[in-house]
Amino acid sequence: MAKIVGAITSTHVPSIGGAIARNLQQDAYWKPFFDGFPPAREWLAKTKPDIAVLVYNDHGLNFFLDKLPTFAIGAAPEYRNADEGWGIPTVPPFQGDLDLSWHLIESLVAEEFDITTCQEMLVDHAFTLPMALLWPEQGKWPVRTVPVCINTVQFPLPSAARCYKLGQAIGRAVEAWDSDQRVVIIGTGGLSHQLDGQRAGFTNKAFDLLFMEKLISDPLWVTRYSIADLVELTGTQGVELLMWLTARGALLGEVNKVHANYHLPISNTASGLMVMENL
Ligand code: DHB
Ligand code: FE
């Protein structure tokens, strides 16, 4: 059976792509952020996953407001990035894994999740930047990929409890997959940030740090909050933390924190990184 080696959760912010392109990793503004990643890369070098399941939210590149699925899974041989208007360089394509894509889709639909299947899919900065941070040899991606998209762009959004259950169903599906492949779950988004409206620039460090702690010890804690509560507590885009919760759900049992980093701000965003594995 396939093995889940663990999960990595990370922030995605377009300006990270600009910093990589301009080699600003040691710049005073960027260093505390980029310095979080070497331990995650060391863990990946040790655990050697073959496939990454990427749980993220598209921001209007693949899905626009006219058609926006709550949950969508890629089932394409290859995923390409495209210019999404932030001025960041596009990156070489990512290889898919059709067997795992269809196994996940079939398992999740059987578990009563209504999944949109995407046999063509563009992937945006929420997918490409965490990949570039974790495997910085640009374009030489050593893992095949399966994109899992959750809507956090247009209301109504799925609840925290629903996302946690989706993560658990992903975990069960991967573990039941008749394969010798090693799988890492990557969740990207958050932490607290708000890009628009009267509270633009809003962040909440106390909540972020508590959320990171609870994700390890008591992931159901955050399901007490409605989406409206989460917007109030973390900002309109802070709800992207649902990706972290989904990735954590996929680990099923108790987990150990291998590594964590938190730095505020990168652009408008409280940036977080965590590596977790099952006990
Ligand atoms: C920013 C953060 C995001 O999560 C995003 O998708 C786009 C921009 C920001 O802070 O600039
Ligand atoms: Fe985002």
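Read the numbers this way: they start at 1 and go in the same order the structure lists the ligands and their atoms. Keep in mind that this is a model prediction, so the values were computed, not measured.
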Subject >> Contact residues of ligand 1 (heavy atom under 4.0 Å), by chain and number >> reply: His12, Val13, Pro14, His59, Trp86, His125, His193, Leu195, Glu240, Ser267, Asn268, Thr269
Original post:
Closest N/O/S atom of His59 to the Fe ion (ligand 2), by atom name?
Top reply: NE2
Original post:
Side-chain contact, heavy-atom cut-off 4.5 Å: Asp50 with Val183?
Top reply: no
Original post:
Cluster partners of Leu195, using ILVMFWY side-chain heavy atoms under 4.5 angstrom, listed by chain and number?
Top reply: none
Original post:
If you look at Glu240, which of its N/O/S atoms is nearest to the Fe ion (ligand 2)?
Top reply: OE2
**OP:** Flag His12 as yes if one of its N/O/S atoms falls below 2.8 Å of the Fe ion (ligand 2), otherwise no.
**Re:** yes
Original post:
Got a sec: is His193 within less than 2.8 Å of the Fe ion (ligand 2) via an N/O/S atom?
Top reply: no
**OP:** Quickly, which of Asp196, Leu191, Val231 forms a side chain to side chain contact (heavy atoms under 4.5 Å, CB included) with Gln237? Name it, please.
**Re:** Asp196
Original post:
Looking at His103, Arg144, Gln181, which one forms a side chain to side chain donor-acceptor pair (under 3.5 Å) with Asp97?
Top reply: Arg144
**OP:** Kindly check if the number of other-residue, nucleotide or ligand heavy atoms within 6.0 Å of CZ (Phe64) is above 12?
**Re:** no
Subject >> Residue pairs, two or more places apart or on separate chains, that pass salt bridge (charged side-chain N to carboxylate O under 4.0 Å, His left out) and touch residues 203-227 >> reply: none
Contacts table for residues 54-62: side-chain donor-acceptor under 3.5 angstrom, sequence neighbours left out:
residue, atom, partner, partner atom, Å
Asn57, ND2, His59, NE2, 3.2
Asn57, ND2, Thr152, OG1, 3.2
Asn57, ND2, Glu240, OE2, 3.1
Asp58, OD1, Asn62, N, 3.0
Asp58, OD2, Gly60, N, 2.9
Asp58, OD2, Leu61, N, 3.2
Asp58, OD2, Asn62, N, 3.2
Asp58, OD2, Phe63, N, 3.2
His59, ND1, Asn57, O, 3.1
His59, ND1, Asp124, OD2, 2.8
His59, NE2, His12, NE2, 3.2
His59, NE2, Glu240, OE2, 3.1
Asn62, OD1, Leu122, N, 2.9

**OP:** May I ask you to test the Val123-Phe94 pair for a side-chain heavy-atom distance under 4.5 Å?
**Re:** yes
